[in-house]
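Computed from heavy atoms alone, side chains included, the values below leave out hydrogens, waters and symmetry copies.
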Amino acid sequence: MLINKDDATLLVVDIQEKLVPAVQDASGMVARCRWLIAAAVDLGVPVVFSEQYPQGLGETLPLLSALAPQAAVVEKLHFSCMEGQCLPDSLMSRRQVIVCGMETHVCVLQTVMGLLQEGKQVFVVADAVSSRSLLDRDYGLQRLRDAGAVLVTREMVLFECLRVSGTPLFKQMSKRYLVGDQP
């Protein structure tokens, strides 16, 4: 199955001020998520941010939330957005969910498992997730794949949403995300 930009939402899980410094390759993960969020906005894919206990862990990094100022921001105490019943109807009404964020083996995993149980087609962006340890990240990704989530990269998301070259949108997105200075 391919990602259909008209039936997908990007869910950015818990990339918060006090959590980011603890994960592997934090600056790289944030940069890749920034790229993915900006591309989603340019493609017209809705974005939702989740925040785990923001009173204690801070809000979503401002450099990410500023890319999608119209995005829903949901708060939760459960590790899973599904168990926390915080995801907006705008996300739940779509068939596909593209997921990035942290931590791969906790909040990403539990949220994705819940989405799969609801019958959603879930695409986990493997180069835009992280955990405190690489072992936890790798086993989280393996478990997600085994459960039925589709592991993708940022470029897979972009090319599946575009579907065809030679269009004005392809040319614009290619210049912005595939060559030169990237967000």
Side-chain angles (χ1 to χ4, degrees), residues 1-5 7-16 19-20 22-37 39-40 43 45-53 57 60-61 64 68 71-88 90-161:
M1 93 192 92
L2 295 174
I3 297 168
N4 177 348
K5 72 179 184 77
D7 201 22
T9 298
L10 174 63
L11 175 59
V12 182
V13 178
D14 304 352
I15 304 179
Q16 295 166 251
L19 290 175
V20 169
V23 300
Q24 294 289 314
D25 187 24
S27 62
M29 185 265 311
V30 169
R32 291 183 293 274
C33 288
R34 187 171 182 249
W35 184 100
L36 184 63
I37 294 163
L43 289 163
V45 174
V47 178
V48 174
F49 295 100
S50 73
E51 296 178 345
Q52 178 73 29
Y53 183 59
L57 298 175
T60 299
L61 292 180
L64 298 180
V73 179
V74 297
E75 297 181 12
K76 62 188 178 66
L77 293 176
H78 288 86
F79 299 125
S80 167
C81 291
M82 295 300 291
E83 283 190 33
Q85 299 179 343
C86 62
L87 295 176
S90 62
L91 181 145
M92 296 307 294
S93 67
R94 290 180 166 239
R95 188 171 45 96
Q96 299 181 329
V97 184
I98 305 161
V99 181
C100 67
M102 48 192 262
E103 285 189 75
T104 312
H105 67 297
V106 185
C107 295
V108 169
L109 183 130
Q110 292 185 32
T111 296
V112 169
M113 294 293 199
L115 289 165
L116 290 169
Q117 287 177 341
E118 287 292 312
K120 300 295 181 193
Q121 295 174 354
V122 185
F123 301 85
V124 177
V125 186
D127 58 337
V129 295
S130 190
S131 293
R132 286 169 287 141
S133 83
L134 292 177
L135 184 68
D136 284 328
R137 178 188 170 275
D138 292 347
Y139 273 88
L141 287 171
Q142 181 179 323
R143 188 167 170 205
L144 288 165
R145 183 185 59 230
D146 291 348
V150 179
L151 301 186
V152 296
T153 65
R154 295 172 301 141
E155 282 203 12
M156 288 178 183
V157 173
L158 179 63
F159 282 103
E160 288 179 31
C161 287

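For Leu109 against Leu144, the heavy-atom pair with the smallest separation is CA-CD2, 3.8 Å. Taking both residues in full, the closest heavy atoms of Leu116 and Ala147 are given as CD1-O, 3.7 Å, listed atom of the first, atom of the second, then distance. Closest approach of Val108 and Gly101 over heavy atoms only: CG2-C, 3.8 Å. The two residues Ser93 and Ser90 have their closest heavy-atom pair at OG-O, 3.3 Å. When all heavy atoms are compared, the tightest approach of Ala68 to Ile37 is CB-CG2, 4.2 Å. What you find for Val125 and Thr153 is that their closest heavy atoms are CG1-C, 3.8 Å.
Considering only heavy atoms from C-beta on, Leu158 comes within 4.5 Å of Trp35 through its side chain. Side-chain contact check for Leu87 versus Leu11: some heavy-atom pair is nearer than 4.5 Å. Proximity of Thr111 to Ser50: side-chain heavy atoms (C-beta onward) are nowhere separated by under 4.5 Å. Side chains of Arg32 and Leu36 form no contact here, defined as non-hydrogen atoms less than 4.5 Å apart. Counting heavy atoms from C-beta outward, Thr104 and Asp136 have side chains that stay 4.5 Å or more apart. With contacts defined as side-chain heavy-atom distances shorter than 4.5 Å, the pair Leu10/Cys100 qualifies.
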Any chance you could lay out the side chain to side chain contact (heavy atoms under 4.5 Å, CB included) test for Glu103 and Asp14, step after step, and finish with the verdict?
-> CA-CA 8 Å; Glu103 285 189 75; Asp14 304 352; over 6 Å; no

Derivation and outcome, side chain to side chain contact (heavy atoms under 4.5 Å, CB included), residues Ile15 and Met29 | CA-CA 10 Å; Ile15 304 179; Met29 185 265 311; 4.1 Å; yes

Verdict with supporting geometry, Arg143 and His105, side chain to side chain contact (heavy atoms under 4.5 Å, CB included) = CA-CA 9 Å; Arg143 188 167 170 205; His105 67 297; over 6 Å; no

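Taken from CD1 in Ile98 to OG1 in Thr9, the straight-line distance is 8.0 Å, to the nearest 0.5 Å. Considering NE2 of His78 and CD of Gln52, their distance stands at 9.5 Å, rounded to 0.5 Å. From Gln16, atom CD reaches atom CE of Met102 across 7.5 Å, with rounding to the nearest 0.5 Å. Residue Met92 holds its CE atom at 10.5 Å from SG of Cys81, rounded to the nearest 0.5 Å. Put simply, OG on Ser80 and CG on Leu115 are 7.5 Å apart, with the number rounded to the nearest 0.5 Å.
Each of Lys120, Lys76, Gln117, Glu118 was checked for a side chain to side chain contact (heavy atoms under 4.5 Å, CB included) with Met82, and the lone residue meeting it is Glu118.
Taking the salt bridge (charged side-chain N to carboxylate O under 4.0 Å, His left out) definition, one finds that Arg94 meets it with nothing, sequence neighbours left out. Residues meeting the side-chain contact (heavy atoms from CB on, under 4.5 Å) test with Gln121, sequence neighbours left out: Met1, Arg95, Gln96, Phe123. In this view, Asp138 satisfies the side chain to side chain donor-acceptor pair (under 3.5 Å) rule with no residue, not counting sequence neighbours.
No hydrogens or angles considered: a donor-acceptor pair under 3.5 Å links the side chains of Thr60 and Glu51.
Looking at Asp25, its side chain never comes within 3.5 Å of a backbone N or O of Ser130 through a donor-acceptor pair. Under the 3.5 Å distance criterion, the side-chain polar atoms of Gln24 are left unmatched by any main-chain donor or acceptor of Leu134.
The number of heavy-atom neighbours closer than 6.0 Å to OH of Tyr139, taken from other residues, nucleotides and ligands shown, is 12 or below.
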